[in-house]
Structure formats: C-alpha cells, structure tokens
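Written out below as structure tokens is the structure these notes cover.
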Amino acid sequence: MDFMTALDIAASGLSTERTSMNITSMNLANAKTTRTPEGGPYRRRAVVRATADVDSPFSKVMQDSMSRELKGSRVLGIAEDSRPMKRVFEPGHPDADPQGYVSYPDINVVEEMTNMLTASRAYEAGVTSIQSIKGMYSKALEIGR
C-alpha cells in the first residue's frame with residue numbers, strides 16, 4: 001500500500017465520522033422538538049455507512065493482490081428512525097392532542113452520547129493514522145537524501 005492510498009482510506013473515515021457526529025448533534029439538539037417545518041415531532045436520524053473503493057480503476061489494475069482488498073468508508077445515506085414517539089401527558093402544551101398527550105421524539109441521550117464518543121474516538125484514530133503516515137513519509141524522504 002502506498003502513502004496516498006493510506007491517506008485516502010484515513011480521509012474517508014474522517015469524513016464518515018464527521019457526518020456521524022453532525023447527525024448525533026442534531027439528534028441531541030432536537031430531543032424535545034415537538035413541531036418541525038414538515039409537521040409533527042422531530043424524527044431521530046442515523047447514518048448508514050458502506051465500504052467504498054479508494055482507488056481509480058486504473059490504479060486497481062496496477063496493484064498487487066494484497067492491496068486490492070483495501071476499502072475506505074462512505075456515507076450511504078441518512079435514515080430516519082422508525083421508533084414510535086414517546087407520548088407524555090401535558091394537557092397545557094400547545095402541541096398536545098385532544099386527549100392532552102404530546103408526542104416527543106424517542107431520543108435516548110445516553111445512546112446519543114455513546115454514539116458521539118464512538119465517532120469521536122474513531123475520528124481520533126483516523127487523525128493518528130494520518131500523523132503516522134506523515135511521519136513515515138518524512139522518514140522515507142530523509143533516507144533518500
């Protein structure tokens with residue numbers, strides 16, 4: 001594996017984790033949102049990930065068999081969660097139904113914070129790998145002098 005392929009793999013992971021952190025932040029910010037522009041309460045969202053090729057088709061042909069299996073990651077899409085809403089009895093709330101219940105998004109703050117920590121640690125691992133690649137590249141240049 002060459003340095004640029006390693007950087008491409010790490011960069012794809014950083015991009016995916018950044019999107020994951022943004023979605024988790026949006027879920028936490030809207031944990032109590034009962035009214036959206038689309039109508040109804042906010043729906044929790046989740047990132048759908050997939051593997052992605054990091055090389056062009058030409059460079060794939062030129063690589064050896066060990067390097068062909070290298071994959072990065074990418075965001076396949078943002079999916080809305082299908083969990084039912086939490087119904088809380090608050091008859092004075094402006095969004096209460098005729099029975100006095102308000103529908104809130106089913107967002108578990110502990111689950112969202114766990115997702116945030118996981119994404120943060122994965123992001124840190126990606127940054128560390130990029131720093132290691134840069135260090136190896138610098139040492140290789142010093143050897144060539």
Side-chain angles (χ1 to χ4, degrees), residues 1-90 93-97 101-145:
M1 175 172 34
D2 61 71
F3 291 117
M4 294 309 292
T5 303
L7 286 173
D8 287 342
I9 292 170
S12 70
L14 291 179
S15 176
T16 303
E17 296 307 329
R18 186 189 66 206
T19 302
S20 179
M21 284 193 271
N22 286 340
I23 294 299
T24 302
S25 299
M26 194 164 58
N27 287 340
L28 286 171
N30 290 298
K32 297 289 182 185
T33 301
T34 59
R35 189 182 308 171
T36 60
E38 297 83 28
Y42 174 80
R43 283 244 172 232
R44 181 182 180 276
R45 290 174 172 80
V47 175
V48 179
R49 302 164 191 236
T51 59
D53 292 330
V54 291
D55 296 319
S56 66
F58 177 74
S59 65
K60 267 186 165 180
V61 172
M62 300 303 290
Q63 292 175 344
D64 60 357
S65 62
M66 293 290 288
S67 299
R68 287 188 188 153
E69 300 300 322
L70 298 175
K71 300 279 185 185
S73 69
R74 67 182 169 100
V75 174
L76 193 60
I78 309 295
E80 284 192 356
D81 199 15
S82 61
R83 297 180 198 172
M85 297 289 170
K86 288 191 296 189
R87 291 176 47 93
V88 178
F89 184 69
E90 292 181 17
H93 195 283
D95 292 329
D97 63 8
Y101 286 95
V102 179
S103 294
Y104 285 101
D106 189 17
I107 294 175
N108 184 343
V109 175
V110 175
E111 178 186 359
E112 297 299 327
M113 289 304 295
T114 303
N115 291 341
M116 180 73 81
L117 284 174
T118 303
S120 175
R121 296 290 184 215
Y123 195 89
E124 287 175 13
V127 168
T128 301
S129 68
I130 287 175
Q131 289 172 341
S132 297
I133 293 164
K134 285 172 44 183
M136 287 187 285
Y137 189 71
S138 295
K139 291 293 181 187
L141 286 177
E142 287 178 15
I143 290 172
R145 288 185 189 173

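All values below were derived from every heavy atom in this structure, side-chain atoms included, with hydrogens, water molecules and symmetry-related copies excluded.
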Next on the checklist: When you measure from the side chain of T114 to the backbone of V110, do you find a donor-acceptor pair of N or O atoms at a distance under 3.5 Å?
Outcome noted: yes
Item to check | Side-chain heavy atoms of R74 within contact of S12, under 4.5 Å | outcome: no
Checklist outcome for this item: Between the CG atom in L28 and the CG atom in N108, the distance rounded to the nearest 0.5 Å is 10.0 Å
Next on the checklist: Using side-chain heavy atoms (C-beta onward) and a distance below 4.5 Å, is M4 in contact with L7?
Outcome noted: yes
Checklist outcome for this item: Scanning both residues in full, the closest heavy-atom pair of S129 with A10 reads OG-CB, 3.6 Å
Next on the checklist: Would you compute the distance between atom CD of E90 and atom CG of D97 and round it to the nearest 0.5 angstrom?
Outcome noted: 11.5 Å
Next on the checklist: Are E112 and N115 packed together at the side-chain level, in the sense that at least one heavy-atom pair is separated by less than 4.5 angstrom?
Outcome noted: yes
Next on the checklist: Can you give me the closest heavy-atom contact between P105 and P41, atom names plus distance?
Outcome noted: CD-CB, 4.3 Å
Item to check | CA sep, side-chain torsions, deciding dist, call: D81, R43, side-chain contact (heavy atoms from CB on, under 4.5 Å) | outcome: CA-CA 6 Å; D81 199 15; R43 283 244 172 232; 6.0 Å; no
Item to check | Qualifying ring-ring contact (aromatic ring centres under 6.0 Å, His included) pairs, either residue in residues 109-143, two or more places apart | outcome: F3-Y137
Checklist entry - Does the distance from a Lys or Arg side-chain N to an Asp or Glu carboxylate O, for E17 and R121, drop under 4.0 Å? => result no
Checklist entry - Tell me, do I78 and T19 make a side-chain contact under 4.5 Å, heavy atoms counted? => result yes
Next on the checklist: A side-chain contact here means heavy atoms from C-beta on lying under 4.5 Å apart; do K139 and M136 qualify?
Outcome noted: no
Checklist entry - Judged by atom type as modelled, is there a donor-acceptor pair below 3.5 Å linking the side chain of S20 to the main-chain atoms of T16? => result no
Item to check | Value rounded to 0.5 Å, distance of CG in L14 from CD1 in I9 | outcome: 12.0 Å
Next on the checklist: Side chains of V88 and H93, heavy atoms from C-beta outward: is any pair under 4.5 Å?
Outcome noted: no
Checklist entry - Between R45 and Y42, which heavy-atom pair has the shortest distance, and what is it? => result NH1-CE1, 2.7 Å
Checklist entry - Do the side chain of S120 and the main chain of M116 share a donor and acceptor less than 3.5 angstrom apart? => result no
Item to check | Separation of M85 CE from D106 CG (nearest 0.5 Å) | outcome: 8.5 Å
Output a table of donor-acceptor pairs, distance under 3.5 Å, between side-chain atoms of residues 32-39 and any protein atom two or more places apart or on a different chain; print 'none' if there are none.
{"from": "T33", "atom 1": "OG1", "to": "N30", "atom 2": "OD1", "distance (Å)": "3.0"}
{"from": "T34", "atom 1": "OG1", "to": "D95", "atom 2": "OD2", "distance (Å)": "2.5"}
{"from": "R35", "atom 1": "NE", "to": "D95", "atom 2": "OD1", "distance (Å)": "3.1"}
{"from": "R35", "atom 1": "NH2", "to": "D95", "atom 2": "OD1", "distance (Å)": "2.5"}
{"from": "T36", "atom 1": "OG1", "to": "G39", "atom 2": "N", "distance (Å)": "3.3"}
{"from": "T36", "atom 1": "OG1", "to": "G39", "atom 2": "O", "distance (Å)": "3.3"}
{"from": "T36", "atom 1": "OG1", "to": "G40", "atom 2": "O", "distance (Å)": "3.0"}

